[in-house]
Amino acid sequence: MSRPLRVAIGGVHIESSTFSPHLSTAADFEVTRGDALLARYDWLAPARPWAADVEWIPLVHARALPGGAVEPAAYEAWAAELTARLAAAGPVDGMLLDCHGAMSVVGRDDAEGDLVTAVRSVLGPQPYVSAAMDLHGNVSRVLFDACDLLTCYRTAPHVDVWETRERAARNLVEALRRGRRPRKALVHVPILLPGEMTSTRQEPARSLYAGIPAVEARDGVIDAAIWIGYAWADQARCQGAVVVTGTDAAAAADAARELGERFWAARDEFAFVAPTGSMDECLDAALAAVADPARRPFFISDSGDNPGAGGADDVTFALDRLLARPEIRDGSRRAVFASLVDPQAVAQVADQAPGSPVRVTVGGRIDGRDPGPLLLDGVLESAADDPDGGRCVSVRVGGLSVFVTSRRMQYRLLESYTRLGVAVEAVDVVVVKIGYLEPELFDAAGDWLLALTPGGVDQDLPRLPYRKVTRPMFPLDRGFTAELAVVTG
Ligand SMILES: [Zn+2]
């Protein structure tokens with residue numbers, strides 16, 4: 001090759017619910033450009049052999065915690081900057097689109113499709129585009145048609161995020177070096193399930209995803225990927241998908257059909273990652289169980305308002321049920337509620353001395369569903385700065401520590417608890433706004449239940465007011481036969 005390949009990198013990464021009243025704004029995004037953008041990718045410094053002799057061109061990358069739909073002005077600004085920088089970069093051979101795939105933008109039903117269309121309007125048809133996505137993203141026909149390579153994570157919880165992005169970049173570079181545009185095949189699978197029923201820690205997702213490497217190893221196949229899709233957006237694109245790319249069109253199509261059929265055949269086996277119940281049922285079980293030290297700390301996922309999936313992070317339903325328990329109020333049981341976002345409440349109490357009595361109203365300002373803002377009458381237990389949550393406090397009411405943050409965050413790391421002075425192993429019950437437990441919590445838990453609480457990411461999908469999702473769709477509809485069509489390109 002007479003000159004190095006030129007590959008642009010950029011994208012917008014957010015998972016956002018159309019059922020959450022939270023609005024994601026520009027302030028929610030961490031934006032990287034230039035060297036800071038390239039520093040995200042550890043295959044570049046030092047460059048792996050496959051990445052050497054490539055000129056990597058950073059455009060702009062915007063990333064936010066999952067939330068409600070993105071305000072149009074924020075999305076449009078990222079899209080305009082991305083395309084302007086791409087145009088300014090001059091001719092490129094390819095582009096790595098680093099995105100989630102489940103971005104909802106107010107007024108748009110296929111934001112990634114719109115973004116890649118804008119990218120193509122600058123790039124033209126010749127350069128190759130490779131998309132690196134979350135398996136909870138969606139693959140619309142527009143996105144599929146505009147990309148040459150598409151792949152996604154193979155684990156949930158996601159422990160292969162960076163190897164996925166590297167695979168997407170490496171496959172792009174290798175395809176450019178071969179000089180032949182990859183062939184691709186897409187199969188949509190009419191299944192829409194929450195991540196909490198499709199963790200690769202358990203069957204049937206474990207075997208479904210474990211089958212990918214053998215498919216990918218076949219002659220003529222470059223990459224195979226399975227998307228679970230995103231259940232908390234009311235959009236026609238939200239459903240399961242399989243994409244196989246290859247050097248051989250028939251091999252890609254056969255593999256995509258086969259993986260799609262395996263996914264569809266497994267539909268009745270998907271079940272929640274933990275036993276489920278109402279919040280009160282989960283508390284009854286937890287308070288009975290913690291008499292056995294081996295079952296402490298007992299975790300309960302307040303799953304309907306999980307900020308890690310797009311919940312507002314301030315629904316007070318689960319907190320209200322905790323406060324109703326006499327053994328927690330009188331301190332005979334020790335519990336933690338993690339957490340609520342409420343910068344006003346934090347500002348009101350954070351500067352007081354630890355141990356000071358406080359009366360402060362918390363939560364329910366973004367998602368005000370019942371019971372709305374709650375009054376905490378207790379003492380300030382601690383205050384700390386958290387890299388995710390900003391200024392945070394713990395307000396102690398009887399045996400309960402209530403964590404309140406200045407920014408939306410998820411208590412998925414143990415160090416976030418200890419920062420506020422709480423060691424989870426010393427607690428009976430931990431109620432956390434999360435779905436499936438992230439690895440550190442999973443390892444720390446003596447036991448665990450998933451509470452089907454109300455919120456913007458309600459796990460009980462039939463309760464959600466879908467209007468635009470393609471029907472029939474399992475499990476909203478049952479007893480139908482799926483026609484698994486293979487789209488090729
Ligand atoms: Zn995900």
Side-chain angles (χ1 to χ4, degrees), residues 11-20 24 28-30 40 61-70 97-104 111-112 131-140 143 150-168 189 191-202 205-206 208-209 212 225-233 235 237-243 263 270 272-274 301 303-311 313 388 408-410 412-413 432-442 450 455-459 461:
V12 185
H13 186 117
I14 184 172
E15 176 181 42
S16 42
S17 167
T18 63
F19 297 113
S20 171
S24 294
D28 294 311
F29 284 80
E30 181 188 341
R40 287 169 46 81
H61 190 265
R63 182 195 170 92
L65 188 71
V70 179
L97 182 64
D98 180 355
C99 65
H100 181 286
M103 167 166 55
S104 298
E112 281 80 6
M133 300 171 65
D134 188 305
L135 62 80
H136 298 120
N138 308 295
V139 183
S140 71
L143 181 64
L150 304 92
T151 195
C152 65
Y153 311 150
R154 295 170 178 174
T155 58
H158 309 314
V159 295
D160 65 332
V161 169
W162 291 102
E163 65 188 81
T164 300
R165 291 179 187 143
E166 179 169 349
R167 188 174 67 245
V189 183
I191 294 179
L192 191 57
L193 292 170
E196 284 60 33
M197 296 181 84
T198 48
S199 166
T200 59
R201 274 196 201 120
Q202 67 176 35
R206 175 164 40 197
L208 185 63
Y209 280 85
I212 290 176
I226 302 171
W227 284 257
I228 295 298
Y230 184 63
W232 296 293
Q235 297 159 356
R237 65 178 185 161
C238 297
Q239 60 179 320
V242 173
V243 173
F263 190 176
F270 290 101
F272 279 112
V273 287
S301 297
S303 66
D305 190 35
N306 169 18
D313 195 31
D388 294 325
R408 294 171 64 252
M409 75 169 278
Q410 184 176 60
R412 61 189 173 80
L413 298 175
V432 54
K433 288 189 184 290
I434 204 166
Y436 50 64
L437 293 185
E438 293 290 330
E440 283 193 16
L441 304 188
F442 187 76
L450 188 90
V457 291
D458 196 324
Q459 298 279 338
L461 300 186

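All values below come from the heavy atoms of this structure, side chains included, with hydrogens, waters and symmetry mates left out. Keep in mind it's a predicted model, so treat the numbers as computed, not measured. In listed order, ligands and their atoms are each counted from 1.
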Sidechain N-carboxylate O distance under 4.0 Å for Arg165, Asp98: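 So Arg165 pairs with Asp98 through a salt bridge.
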
Check: Ser16 and Tyr230 side chains under 4.5 Å, non-hydrogen atoms: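 The answer is no, as the side chains (C-beta and beyond) never meet within the 4.5 Å cut-off.
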
Can you find a heavy atom in the side chain of Ser301 that is under 4.5 Å from one in the side chain of Asn306?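 With C-beta onward as the side chain, the pair stays apart.
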
Taking Thr200 for the side chain and Ala205 for the main chain, is one N or O donor matched with an acceptor at less than 3.5 Å?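 Between the backbone of Ala205 and the side chain of Thr200 there is no qualifying donor-acceptor contact (under 3.5 Å).
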
In terms of the angle between their ring planes, are His100 and His13 parallel, tilted or perpendicular, with boundaries placed at 30° and 60°?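 The arrangement is perpendicular - the two ring planes meet at more than 60°.
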
Using 30° and 60° as the class limits, which term best fits the ring planes of Phe263 and Phe270: parallel, tilted or perpendicular?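 Judged by the thresholds at 30° and 60°, the geometry between Phe263 and Phe270 is perpendicular.
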
Taking 2.8 Å as the upper limit, name the protein N, O or S atoms near the Zn ion (ligand 1).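 The answer, once waters are left aside, is Asp134 OD1, Asp134 OD2, His136 ND1, His158 NE2.
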
